[in-house]
Amino acid sequence: MTAPTTTADRRSVVRASLAVGAATGAYGVAFGAAGTAAGLDVWQTCALSLLMFTGGSQFALVGVIAAAGPAAGLTSGVASALLLGARNAMYGVRLAGLLDVRGWRRLAAAQVTIDESTAVAVVQPTPELSRLGFWLTGGSVYLLWNAMTLVGAAGASVLGDPATFGLDAAAPAAFLGLLAPRLRAGRVERLVAVAGAAVALVTTPLLPPGVPVLLAGLVILPVVMRR
């Protein structure tokens with residue numbers, strides 16, 4: 001029987017969600033700067049954050065465009081972005097039963113189904129806290145990411161390289177902070193994490209962007225099928 005959710009539990013999830021939202025959303029400034037550096041204007045860059053809203057895919061798209069030019073790089077950039085974004089579909093399968101959203105809220109949930117919102121949701125002990133963590137994390141990342149995209153795109157020449165301020169490490173650090181408690185859950189979780197990391201490291205130099213992420217995600221399938 002699941003213990004009742006307390007106010008302290010909710011406050012803990014709120015703090016974690018907002019911390020992840022701030023750490024991840026702040027790096028939107030880097031995407032804003034990268035978008036304009038690749039040749040997009042401010043509004044095109046902001047539109048990508050509003051509509052695409054998946055950082056890895058956004059960086060893949062503008063990175064290919066910057067390297068190959070808008071005409072030659074658009075097709076391959078979109079392909080790379082789609083491959084990276086495909087992992088969000090896997091998250092949706094995991095979250096569908098947990099969130100139990102219906103109607104128009106399914107569209108909203110799909111828009112904010114990202115690494116961070118999924119990670120915060122799945123580590124919670126009750127469905128109520130999972131839903132709170134998902135919506136609060138996804139919403140805070142979305143709002144701040146878009147705001148900082150505008151700041152980065154409009155002020156790229158003034159801000160300089162975001163890595164100078166350590167913003168490039170903020171999102172990975174936040175995600176690792178969420179992952180750490182899961183690694184203490186048991187031997188199976190640690191084996192899956194190590195296997196996924198090994199697959200990603202081995203295949204990253206060999207395969208197109210996005211494919212290593214998908215292959216690493218497939219490591220969990222044997223565990224799921226056994227259960």
Taking [Y] as the starting point, is it possible to reach [X] by hopping between hydrophobic residues whose side chains are less than 4.5 Å apart?
| X | Y | result |
| --- | --- | --- |
| Leu48 | Leu50 | yes |
| Leu129 | Val14 | yes |
| Leu98 | Val123 | yes |

[X] side chain near [Y] side chain, heavy-atom distance below 4.5 Å:
| X | Y | result |
| --- | --- | --- |
| Trp135 | Val101 | yes |
| Val120 | Phe134 | no |
| Gln124 | Arg131 | no |
| Ile114 | Tyr142 | no |
| Phe53 | Val141 | yes |

If only atom types and distance count, is the side chain of Thr24 paired as donor or acceptor with the main-chain N or O of Gly21 below 3.5 Å?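 No, Thr24 side chain to Gly21 backbone: no donor-acceptor pair under 3.5 Å.
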Tell me if a side-chain donor or acceptor on Ser12 pairs with a main-chain N or O of Ala8 at a distance below 3.5 Å.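 Checked: no pair found.
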Return the CG to OG1 distance between Leu95 and Thr118, rounded to the nearest 0.5 Å.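 If we round to the nearest 0.5 Å, Leu95:CG and Thr118:OG1 are 4.5 Å apart.
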Shortest non-hydrogen separation from [X] to [Y] and the atoms involved:
| X | Y | answer |
| --- | --- | --- |
| Ser17 | Ser140 | O-OG, 3.6 Å |
| Ala34 | Phe59 | CB-CE2, 4.2 Å |
| Leu40 | Gln44 | CA-OE1, 3.5 Å |
| Leu144 | Ala26 | CD2-N, 3.8 Å |

Thr149 and Asn146 side chains, donor-acceptor separation under 3.5 Å: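 There is no such pair (donor and acceptor under 3.5 Å, judged by atom type) between the side chains of Asn146 and Thr149.
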Decide yes or no on side chain to side chain contact (heavy atoms under 4.5 Å, CB included) for Asp41 and Thr36, but give the supporting numbers first. CA-CA 6 Å; Asp41 63 31; Thr36 54; over 6 Å; no
As a quick check of understanding, evaluate side-chain hydrogen bond (donor to acceptor under 3.5 Å, both in side chains) for Thr137 and Ser117, giving each step before the final call. CA-CA 5 Å; Thr137 304; Ser117 60; over 6 Å; no
I'd like to know if Asp100 and Arg102 make a salt bridge, using a cut-off of under 4.0 Å between side-chain N and carboxylate O.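 A salt bridge is present here (some side-chain N lies under 4.0 Å from a carboxylate O).
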